[in-house]
2 protein chains.
Amino acid sequence: MAQVRPMRADARRNHERLLKAAVSAFAEHGDGASLDDIAKRAGVGSGTLYRHFPTRRALLEAAYLDRIEAIAARADALAARLPPGEALVEWLNELGTGMIRIRGLKALLGLAVTDGGAPAVTDGAPAVRTACGDCLRTAATRLVEAAQREGTLRRDVDAVDVLRLAHGLATAAEPADGDAQRIRRYLALLMEGLRAGG
Amino acid sequence: MAQVRPMRADARRNHERLLKAAVSAFAEHGDGASLDDIAKRAGVGSGTLYRHFPTRRALLEAAYLDRIEAIAARADALAARLPPGEALVEWLNELGTGMIRIRGLKALLGLAVTDGGAPAVTDGAPAVRTACGDCLRTAATRLVEAAQREGTLRRDVDAVDVLRLAHGLATAAEPADGDAQRIRRYLALLMEGLRAGG
DNA sequence: ACCTGAACACCGTTCAAGT
DNA sequence: ACCTGAACACCGTTCAAGT
């Protein structure tokens with residue numbers, strides 16, 4: 001998993017500056033923040049931004065990768081101390097409040113869930129395909145399958161369905177956010193419908 | 001409800017041309033189609049577009065108003081020949097497939113459901129507030145309240161919740177559209193959760 | 001009263017020139 | 001190998017000048 005080739009010192013510095021600038025810009029203006037502005041904040045030319053992150057999506061993924069990984073890790077923690085059905089519910093709640101709290105995280109899940117395979121995050125090194133989508137999908141799959149084995153989750157849905165639905169409900173809950181209350185309510189409704197047996 | 005002041009002949013013609021151009025542009029490129037391009041297609045200056053439709057949203061609403069009204073009208077038709085709960089389910093299915101089929105309709109519902117009062121559609125005549133949002137809200141309210149009286153729909157949701165959720169699920173179902181199958185599935189799950197008693 | 005289209009500001013993206 | 005920043009294309013919005 002080591003870098004295929006270590007970055008030159010200045011490149012490495014620019015990479016970090018860009019990430020830092022991106023995180024704060026996305027936090028301020030949501031996804032869709034001006035890329036040019038991000039480059040300026042980082043004190044680099046706009047071309048440099050494109051060299052490091054060829055698409056807006058690549059930048060978004062890189063900026064939020066650690067948060068995504070943290071959420072994915074929570075899946076294991078919850079699975080360890082709760083019965084599968086409850087673990088799934090609680091995880092979705094955390095994912096949902098995360099999407100409400102962190103602007104751009106929802107957009108990212110939307111992208112991740114839109115297409116099957118997500119593109120690479122880092123500079124063309126095919127081994128490091130740490131796409132956010134894979135990360136969440138793996139975590140969700142574990143919880144979903146466990147709940148299905150337990151018999152508390154209907155069998156005609158899969159992890160991608162569940163992630164898609166969570167994203168959709170976050171969209172539904174967004175209008176009047178501020179209270180992360182609504183997403184919990186909506187997710188509760190969903191879980192009611194997802195319960196095995198009907 | 002008559003126009004406060006009849007439009008000049010050329011203004012009226014431009015208004016119609018703009019609407020026609022907008023409908024086809026939105027159909028091709030989805031909401032977010034270039035406004036400049038729409039003005040060009042209509043053969044008018046860009047300023048004229050802004051005179052008639054000061055915001056993109058106003059143009060979207062005007063372009064889809066008839067579809068929205070048709071969907072709203074379906075609510076009454078369904079209420080007349082189905083028990084309330086089933087009427088609501090069927091109406092949401094039609095709304096859902098409409099959002100999948102007609103690009104831009106989903107965006108419009110999203111806007112309508114985002115804030116309470118929608119702005120006026122026509123040129124500043126305050127009486128003609130035929131906002132799409134009001135239209136759908138009214139239709140949904142009728143169905144929702146009837147189902148609640150019937151006892152088949154939980155009482156802790158309102159029409160706006162239901163519209164928001166429908167919009168959210170349309171978002172969730174969008175990724176791999178083509179089959180309008182998925183939105184029905186997702187809506188079925190939702191209705192399971194919305195059933196009274198739980 | 002309404003229309004036109006040039007003008008402005010802004011953004012994304014590319015690429016020749018530099019080190 | 002990497003960076004810079006000018007250049008280009010595109011879009012939304014405004015407004016002075018026209019009829």
Side-chain angles (χ1 to χ4, degrees), chain A residues 2-22 24-26 28-63 104 107 111 119-120 122-125 128, chain B residues 2-22 24-26 28-63 103-104 107 111 119-120 122-125:
Chain A
Q3 289 291 120
V4 186
R5 220 182 294 191
M7 273 192 274
R8 225 168 62 177
D10 54 348
R12 170 130 205 81
R13 205 198 50 209
N14 283 340
H15 189 92
E16 272 164 19
R17 281 197 191 177
L18 279 168
L19 270 183
K20 202 171 289 184
S24 76
F26 287 142
E28 273 179 54
H29 307 296
D31 69 303
S34 159
L35 295 184
D36 199 59
D37 178 56
I38 291 177
K40 276 204 188 79
R41 289 195 201 202
V44 306
S46 47
T48 302
L49 187 151
Y50 285 94
R51 164 171 285 273
H52 283 277
F53 308 100
T55 66
R56 173 183 296 275
R57 174 183 178 148
L59 183 55
L60 261 176
E61 290 207 336
L111 289 172
T122 43
D123 306 321
V128 206
Chain B
Q3 290 290 120
V4 186
R5 219 183 291 192
M7 273 192 275
R8 227 169 61 177
D10 55 348
R12 170 131 206 81
R13 204 198 50 209
N14 284 339
H15 189 92
E16 273 163 18
R17 281 197 191 175
L18 279 167
L19 269 184
K20 202 170 292 184
S24 75
F26 286 143
E28 272 179 54
H29 307 296
D31 70 303
S34 159
L35 296 184
D36 199 59
D37 177 57
I38 290 176
K40 276 203 188 82
R41 289 196 202 202
V44 306
S46 48
T48 302
L49 186 152
Y50 284 94
R51 165 171 285 273
H52 285 276
F53 308 100
T55 66
R56 171 183 297 274
R57 174 183 179 149
L59 184 55
L60 260 177
E61 290 207 335
R103 301 173 49 127
L111 289 171
T122 43
D123 306 320

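Each chain gets a letter, A, B and so on, in the order the sequences are listed, and its residues count up from 1. Values in this document were obtained by computation on a predicted structure and should not be read as measured data.
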Sugar-phosphate only, base, or nothing, as touched by A:D37 at under 4.0 Å among non-hydrogen atoms: nothing
Touch class at under 4.0 angstrom, heavy-atom based, for B:S34 against every strand present: sugar-phosphate
Validation row: B:L19, B:F53 side chains within 4.5 angstrom (heavy atoms): yes
Set of side chain to side chain contact (heavy atoms under 4.5 Å, CB included) partners for A:A107, sequence neighbours left out: A:D31
Toward the 5' end of DNA chain D, by each residue's nearest nucleotide, B:D36 or A:G45: A:G45
Looking only at heavy atoms, what is the nearest atom pair of [X] and [Y], with distance?
X: B:A63; Y: B:A22; answer: CB-CB, 4.5 Å
X: A:L59; Y: A:L35; answer: CD2-CD2, 4.0 Å
X: B:G32; Y: B:F26; answer: N-CE2, 4.3 Å
X: B:A58; Y: B:T55; answer: N-OG1, 3.0 Å

Interface limits on DNA chain C, where chain B has a heavy atom under 4.0 Å of a nucleotide atom: C:dA1 to C:dA6
Nearest-nucleotide 5' precedence on DNA chain C, B:V44 against B:R8: B:R8
Ion pair check, A:E16 and A:R12, cut-off under 4.0 Å: yes
Intra- and inter-strand pairs of DNA chain D in dot-bracket (Watson-Crick or G-U wobble, both distances under 3.5 Å; | for another strand): ||.|||||...|||||.||
A:R56 (side chain) donor-acceptor with A:A33 (main chain) under 3.5 angstrom: yes
